[in-house]
Number of protein chains: 2
Amino acid sequence: MAEETQRQAEGALSNPSAVGLVAVIVAATDGEPRALTVQVGGQARGRSDGLPAGPLVPEHPTLERGLRAWVERQTHQRLGYVEQLYTFGDRDRQGDDAGGLHSLSVAYLALVREVRPAGLAEASWRNWYRYLPWEDWRAGRPESLAEIEGKLLAWADGATDPKLRRRREDRLGLTFGLCGGAWNEERVLERYELLFEAGLIPEAQGQSGEARDSDLPVTGQPMALDHRRVLATAIGRLRGKIKYRPVVFELMPPTFTLFQLQRTVEALSGTNLHKQNFRRLVAQQGLVEETDGVTSGATGRPARLVRFRREVLLERPAPGFRLRPARRPA
Amino acid sequence: MAEETQRQAEGALSNPSAVGLVAVIVAATDGEPRALTVQVGGQARGRSDGLPAGPLVPEHPTLERGLRAWVERQTHQRLGYVEQLYTFGDRDRQGDDAGGLHSLSVAYLALVREVRPAGLAEASWRNWYRYLPWEDWRAGRPESLAEIEGKLLAWADGATDPKLRRRREDRLGLTFGLCGGAWNEERVLERYELLFEAGLIPEAQGQSGEARDSDLPVTGQPMALDHRRVLATAIGRLRGKIKYRPVVFELMPPTFTLFQLQRTVEALSGTNLHKQNFRRLVAQQGLVEETDGVTSGATGRPARLVRFRREVLLERPAPGFRLRPARRPA
DNA sequence: GGCACAATGCTCAGATTGAGCATAAGTGAG
DNA sequence: CTCACTTATGCTCAATCTGAGCATTGTGCC
């Protein structure tokens with residue numbers, strides 16, 4: 001085996017691939033989660049929103065540093081937290097086939113602290129729920145879900161093979177909480193993939209040239225290529241991460257109120273939290289320390305300004321917001 | 001920005017990369033965690049253990065399916081669970097520079113159920129703690145840690161810049177639980193990287209041709225290229241995953257005893273668990289169901305054989321073994 | 001039968017969690 | 001100036017979960 005392995009590994013050299021980087025750059029302002037988008041696409045398929053994507057720059061020693069340099073140069077945004085998300089390499093999903101070369105995209109998640117006007121004309125910050133509206137449960141169950149669920153159930157029902165139908169129903173329960181399942185806010189990608197398979201995502205038809213405007217309002221704004229999938233991956237990852245790592249603070253200004261922090265966490269996770277319990281959590285974990293400042297101007301009692309306590313990283317094994325996933329009613 | 005982005009993205013096509021796949025194939029037999037290794041390396045640097053690595057096969061629609069096909073063909077092992085781990089692309093760590101091409105490795109974690117003799121001569125199953133001995137705390141704190149810690153402290157102390165020294169000490173606390181920190185069994189990669197930086201990993205010197213045998217016993221058996229880093233990534237990921245996904249069952253035979261299950265979880269996480277509480281956990285989560293079978297032959301009361309309850313996937317949002325990370329003594 | 005051994009059952013105090021009530025401290029209207 | 005309103009913050013309480021240990025039940029062995 002080793003022989004064969006080695007031979008093949010070297011074979012890869014004569015079989016090079018086109019590799020690109022994609023970045024999901026996230027910020028949160030005014031309690032809304034935003035991603036940096038650009039306009040992409042030629043005149044053929046029309047222009048559409050996309051994620052910033054760039055080449056793999058061979059000058060840099062690591063992929064991450066290459067990404068940092070490239071994004072910082074282009075957006076003039078200092079990237080705080082950067083994390084590799086996933087490497088996408090589906091032939092049939094990439095959209096562009098790079099003429100025989102296998103084409104890969106290494107996707108990264110980046111968190112930035114401040115939202116500048118995004119200097120460059122065609123880049124803009126967009127609320128990420130614009131692209132995945134069913135993920136926002138902050139105002140209760142999204143209305144659009146009713147319609148989506150109907151279509152999903154029809155899709156599951158449309159399977160002639162009873163085994164397949166059963167499996168589809170199970171997946172609906174698992175991801176969308178249908179058929180007696182519970183909604184798990186982390187399964188963003190699984191939900192998107194399910195919608196994709198069910199044919200409810202226009203991008204799925206994109207390559208075949210069909211235009212399907214009908215589903216736009218319900219299943220969200222499409223993006224170029226497979227970028228909604230990348231976005232879904234990022235959101236799911238971030239929603240998981242905030243529970244055991246204090247990454248939210250990468251999105252906060254130097255000082256903030258506990259309620260602003262809560263709003264940000266809620267924005268990311270797409271759910272609402274119990275206010276008093278949230279502060280208890282933050283206090284217990286020692287995630288923040290008070291400053292002298294207080295808010296003013298707004299209505300209501302002024303709130304104390306706090307700042308992130310970096311020391312918590314050394315004290316706690318997994319500091320974060322352990323928002324328990326909703327327990328199923330026993 | 002969009003313009004520039006597009007131009008550069010297309011630029012990537014004229015700047016192709018060599019891409020390979022690496023697999024960490026994990027099994028657990030007799031309560032020991034094992035990884036499939038092969039012998040790699042030419043005569044120049046001598047042969048050493050490595051992970052199975054192969055080319056990116058363009059025929060397959062997805063990376064994962066390519067990996068599955070390739071591994072199954074080579075090892076005759078049916079891969080159960082497969083998960084993408086990370087894409088490694090460090091210029092200075094890869095070992096082979098592929099002559100100007102940027103070279104990437106997409107690493108995967110695979111869990112297999114049974115350990116066949118691994119048919120092929122040069123492939124063999126190895127206890128993974130052979131490569132990362134400090135990660136095995138099942139028999140208490142590993143002895144080798146004393147020596148490792150000494151060297152790490154010396155390394156931290158060796159920083160002339162007091163700020164840097166402080167940072168190194170913090171990292172020691174965070175990863176190795178030194179300086180008042182706690183041991184977190186998930187930080188496998190961070191520990192490995194720290195040892196690497198501290199110069200305690202022979203592979204770090206590998207490229208410069210130095211031979212350092214002195215550290216072998218304490219810092220574990222080296223591997224080819226950067227494969228220990230890949231292994232560390234896999235272990236860390238798996239240790240995290242078992243807490244909220246029932247992936248351990250991919251490693252178990254169709255029926256097993258609760259204690260065998262516990263031994264497997266312990267093998268992966270490298271820690272010991274309270275027996276009674278472990279069964280309570282498993283029972284509460286509904287992870288298994290009883291069969292009619294019982295063990296026999298061994299000493300002591302026979303144990304009931306159980307099997308994995310697949311339905312749990314549909315019932316619980318995050319079924320797994322929530323072994324709480326050790327709380328710091330307040 | 002009696003012993004060693006492992007499986008299994010059960011208890012209990014302390015910590016964590018989910019939910020709500022109560023109070024404090026501002027703003028703006030009348 | 002006072003009241004109504006709004007948001008911040010403090011505190012309680014029951015339900016549940018966790019960590020740890022004691023007790024009992026089956027088997028093989030002598």
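Because the structure is a prediction, the values reported are computed rather than measured. Protein chains get the first letters and strands the later ones, always in sequence-line order, with residue 1 at the start of each.
- Annotation: of the two residues near DNA chain D, A:L258 and B:Q276, the 5′-most nearest-nucleotide partner is A:L258.
- The interatomic distance linking B:L281 (CG) with D:dT18 (C1') rounds to 10 Å, in whole Å.
- In this entry the distance linking CG of A:L261 with P of D:dT9 reads 12 Å, nearest Å.
- At whole-Å resolution of the value, CG in A:L305 and C1' in D:dT9 are 15 Å apart.
- Under the 3.5 Å distance criterion, with hydrogens and angles disregarded, no donor-acceptor pair is assigned to the side chains of A:E190 and A:Y192.
- A residue-by-residue look at A:A298 and B:E290 shows that B:E290 has its nearest nucleotide of DNA chain C further toward the 5' end.
- Side-chain atoms of B:R301 and base atoms of D:dT25 include a donor and an acceptor less than 3.5 Å apart.
- Residues B:R126 and B:R34 have side chains not in contact (no heavy-atom distance under 4.5 Å, counting atoms from C-beta outward).
- By the 6.0 Å contact criterion, CZ on B:R141 is enclosed, its count of non-hydrogen atoms from other residues, nucleotides or ligands being greater than 12.
- Computed from coordinates, the A:Q285 CD to C:dT16 C1' distance equals 11 Å when rounded to whole Å.
- Counting atom types as modelled, A:R280 pairs a side-chain N or O with a base atom of C:dG18 as donor and acceptor under 3.5 Å.
- The distance from atom CZ of B:F278 to atom P of D:dC17 is 18 Å, rounded to the nearest whole Å.
- Summary of the strand contacts: A:S296 and B:K275 both lie near DNA chain C, and taking for each the nucleotide with the nearest heavy atom, the more 5' one is attributed to B:K275.
- Contacts of B:Q284 with the nucleic acid, taken as non-hydrogen atoms under 4.0 Å apart, are absent.
- In this structure, the CG atom of B:L273 is 11 Å from the P atom of D:dA20, given to the nearest Å.
- Rounded to whole angstrom, the span from the CZ atom of A:F256 across to the P atom of D:dA8 amounts to 14 Å.
- More than 12 non-hydrogen atoms from other residues, nucleotides or ligands lie less than 6.0 angstrom from CD of B:E311.
- Checked against B:E186 for a salt bridge (charged side-chain N to carboxylate O under 4.0 Å, His left out), the options B:R237, B:K243, B:K241, B:R191 give a single hit: B:K243.
- For A:N277, whose side chain is taken as the heavy atoms from C-beta onward, the closest listed nucleotide among C:dG18, C:dG20, D:dC22 is C:dG18.
- Minimum atom distance to the side chain of B:H274 is reached by D:dG21, of the listed D:dA8, D:dG21, D:dT27.
- In the set D:dT9, D:dA8, D:dG21, the nucleotide with an atom closest to the side chain of A:R304 is D:dT9.
- The side chain of A:T299 lies closest to D:dT6 when the candidates are C:dA7, C:dC21, D:dT6.
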